[in-house]
Amino acid sequence: MKRGYLWLSTVVVLTLIVAACAPAATPAPTPPPEETPAAPTPVPPTPPPEKVTLLFSDWHLTEPHWEAALIDAFETFKAEHPNIDIELDYVSYADKETKYTTEIEAGMGPDVFHLHAYSIQSFLGKGYLYDITPLIEAEGGDDFLKSWYPQTLALMQDSEGKYYAMPGDFMSMVLFYNKNLFEEAGLDPDKPPTTWDEFLEYAKALTRDRDGDGEIDTWGFGTIGAIDPGFELRVSPILFGHGGDYLTPDNKCSALNTPEAKEAFKFFVELVTVHEVVPPGVTAQNPGTVREQMAAEQIAMLLGSGWTPPIVDGVNPDLNALEVLEAAPVPVKAGEAPEFSTTAWLSTWMINPNTKHPEEAWELVKFITSKEMEQKWFDDANVLSPRQDVSGEYEPLLSNKFAAVIAAELAHAKFVPQIKEWPQIIEAVNTAAQEGFTGAKSPEQALEDAYNRINEILSVYREAGETCPAF
């Protein structure tokens, strides 16, 4: 009994010693109290873009087919830019420059407007254009511009390479003729005139009394004689097609004293005064009235471009102009092969420096000149594009009987002088033509007076003591 008691005591003592020597157990950590997550900071809703209204001005708005095309396009633009409204500003072709000059000078004017390419230098010199270079750079700069024909972009820049406009319609002038009237006059509609001598013979044959009342009612050719911006497009192909030019290469003197220029001007005036193949009242005719003459079959031929067929068709749908009219290259002087036989037309889209919404205005310009819209302008108005991916690739354009001729003639077309004095220069030529048409002066005297007037205008480019040759 005693031995068992001692054994049990020993076990108890050893157990106590082991327990005493063992490390104390680490108590389990008490979990921190659960934190209540903070409520998120409310994000204020993004305010809708500011609603703005852009004033858009274009002479095309006065032409029904263009007006419809633009209004339709702007519905698409407004759907894509719900914060931008567009107000339309109608202006005539003849009045646009005077209107914009007056308004911009007064601190007003349209946000976006449309002009000739040659107007850039004049408007630049007066500070009338918004510098769009930063806007182009934000789009990718050269990469953004690579779709346009380089020669059109070159005219959009100042001497420092800054851009002040984007190219618009890019066309060459060609000869349009009524194939039905050709057939009536015994002419082959598949063989239009290729020289100015042939052209004159055709024009004489086409000038006829068609209703048998003893009076001429259809003339061979219609052209512009009014003081009008469209005059240059109709006289320049005749000048270039004879191998003439307006100015010397250095722009210091007129080139209207050359034999080629003299011959071209005399030919132009005598279509009216000697050969009488142009309807009476030529000094009152502008682009619109000449197209009306074509629509009424009062003339058989005119110089025009892609806009001609749809406008004529709109004036008189019964003519079926898209079928009846044909296009051909501008004739040239017999025996000559001038490098340039016609002129190129280029318009421009510009932003007013007075605009309060330059970014929105740029969105509109970018939309108007996009590939999709440039295709639309061809579909709706038959105008060619300054974009290579349209005029050089768009199948409906390349397969169109009018556009195919116009596109091919771009290689033979050149721009009129791109200097700020150009409007004064062409007005001097326009005035000379009027003087010749009315008999106020002989063609030679009228042209000599224009030559001297142009040399006065160009005196700013000549050094002291530099003179121009006598007429």
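- Aromatic rings from Y130 and W362 are positioned such that their centres are separated by 6.0 Å or more.
- Side-chain atoms of L364 and W349, non-hydrogen and from C-beta on, never get closer than 4.5 Å to each other.
- Heavy-atom neighbours of D142 CG from other residues, nucleotides or ligands within 6.0 Å: at or below the threshold of 12.
- A salt bridge links K179 with E323: at least one charged nitrogen is closer than 4.0 Å to a carboxylate oxygen.
- Using cut-offs of 30° and 60° for the angle between ring planes, the H242 and W196 rings count as parallel.
- Note: Y118 OH to W422 CH2 = 8.0 Å, rounded to the nearest 0.5 Å.
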Item checked: W219/Q293 under side chain to side chain donor-acceptor pair (under 3.5 Å): CA gap, chis, key distance, verdict -> CA-CA 9 Å; W219 287 263; Q293 291 173 339; over 6 Å; no
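- Between S391 and L398 the shortest heavy-atom distance is O-CD2, 3.5 Å.
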Item checked: K333 and E260: CA distance, side-chain angles, deciding distance, salt bridge (charged side-chain N to carboxylate O under 4.0 Å, His left out) verdict -> CA-CA 9 Å; K333 182 181 176 181; E260 294 83 3; over 6 Å; no
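- Under the 4.0 Å criterion applied to side-chain N and carboxylate O atoms, K266 and E263 are not assigned as salt-bridge partners.
- A cation-pi arrangement, defined by a distance under 6.0 Å to the six-membered ring centre and an angle within 45 degrees of its axis, is absent between K371 and Y394.
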Notebook entry, point to check: Between T248 and D250, is a side chain to side chain donor-acceptor pair (under 3.5 Å) present by the stated rule, with each step listed?
Noted result: CA-CA 6 Å; T248 56; D250 59 8; 2.7 Å; yes
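- Here the shortest heavy-atom pairing between S147 and D389 reads OG-OD2, 3.5 Å.
- Under the 3.5 Å distance criterion, the side-chain polar atoms of S254 are left unmatched by any main-chain donor or acceptor of N455.
- Residue L153 holds its CG atom at 7.5 Å from CH2 of W148, rounded to the nearest 0.5 Å.
- Residues F437 and F268 bring their aromatic ring centres within 6.0 Å.
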Note to self: Quick one, Q434 with T438, criterion side chain to side chain donor-acceptor pair (under 3.5 Å). Give me CA distance, side-chain angles, the key distance, then yes/no.
What the structure shows: CA-CA 6 Å; Q434 284 201 332; T438 61; over 6 Å; no
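- At a threshold of 4.5 Å between non-hydrogen side-chain atoms, the residues I419 and Q121 do not count as touching.
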Next item on the list: Evaluate ring pair (Phe, Tyr, Trp, His ring centres under 6.0 Å) for Y128 paired with Y100, printing each intermediate quantity in order.
Entry: CA-CA 9 Å; Y128 290 169; Y100 301 149; over 10 Å; no
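- The closest donor-acceptor contact from the side chain of T258 to the backbone of G244 lies at 3.5 Å or more, if one exists at all.
- Considering E466, E421, K252 as possible partners of Y461, the one that fulfils the side-chain hydrogen bond (donor to acceptor under 3.5 Å, both in side chains) test is E421.
- For the pair K78 and F74, the cation-pi criterion (under 6.0 Å, within 45° of the ring axis) is not fulfilled.
- Residues A261 and L447 share a closest heavy-atom pair of O-CD2, 4.1 Å.
- Centroid-to-centroid, the aromatic rings of H116 and F123 stay 6.0 Å apart or farther.
- When side chains are defined from C-beta on, Y93 does not count as touching E63, because their heavy atoms never get closer than 4.5 Å.
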Notebook entry, point to check: side chain to side chain donor-acceptor pair (under 3.5 Å) between D95 and T98: does it pass, once the steps are laid out?
Noted result: CA-CA 6 Å; D95 294 338; T98 300; 6.0 Å; no
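- Checked by atom type and distance alone, the side chain of N382 never pairs as donor or acceptor with a backbone atom of A403 at under 3.5 Å.
- Within the 4.5 Å cutoff, side-chain heavy atoms of F199 are placed close to those of L271.
- P469 places a side-chain heavy atom less than 4.5 Å from the side chain of Y451.
- Residues F240 and D245 form a side-chain contact, since some pair of their non-hydrogen atoms from C-beta on lies under 4.5 Å apart.
- Residues H114 and F56 have side chains not in contact (no heavy-atom distance under 4.5 Å, counting atoms from C-beta outward).
- Other residues, nucleotides and ligands contribute more than 12 heavy atoms inside 6.0 Å of the NZ atom of K401.
- Taking both residues in full, the closest heavy atoms of T152 and P167 are given as OG1-CG, 3.7 Å, listed atom of the first, atom of the second, then distance.
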Next item on the list: Run the numbers on D211 and D209 for side-chain contact (heavy atoms from CB on, under 4.5 Å), then give the verdict.
Entry: CA-CA 6 Å; D211 61 9; D209 169 19; 2.8 Å; yes
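- With respect to E297, the side-chain hydrogen bond (donor to acceptor under 3.5 Å, both in side chains) criterion is satisfied by exactly one of N180, N178, T218: N178.
- F221 and Y202 have their aromatic ring centers separated by at least 6.0 angstrom.
- Taking all atoms of both residues into account, the shortest heavy-atom contact from Y246 to S236 is OH-OG, 2.6 Å.
- Side chain of T342 to main chain of P237: no donor-acceptor pair is present (N/O by atom type, distance under 3.5 Å, no hydrogens or angles).
- With rounding to the nearest 0.5 Å, the separation of CG in L247 from CG in L256 is 7.5 Å.
- The distance from atom SG of C468 to atom CG of N257, rounded to the nearest 0.5 Å, is 8.5 Å.
- Using a 4.0 Å cut-off between charged side-chain N and carboxylate O, D158 and K162 make no salt bridge.
- S305 contributes no side-chain N or O that, together with a main-chain N or O of M173, makes up a donor-acceptor pair within less than 3.5 Å.
- The backbone N or O of I104 sits less than 3.5 Å from a side-chain atom of N354, completing a donor-acceptor pair.
- Across every non-hydrogen atom of P287 and G230, the tightest pair is CG-CA, 4.1 Å.
- The backbone N or O of P189 sits less than 3.5 Å from a side-chain atom of Y177, completing a donor-acceptor pair.
- Other residues, nucleotides and ligands contribute more than 12 heavy atoms inside 6.0 Å of the NZ atom of K99.
- To the nearest 0.5 Å, atom CZ of residue R387 and atom NZ of residue K146 are 10.5 Å apart.
- A 4.5 Å side-chain heavy-atom check between L175 and P193 finds at least one atom pair inside the cut-off.
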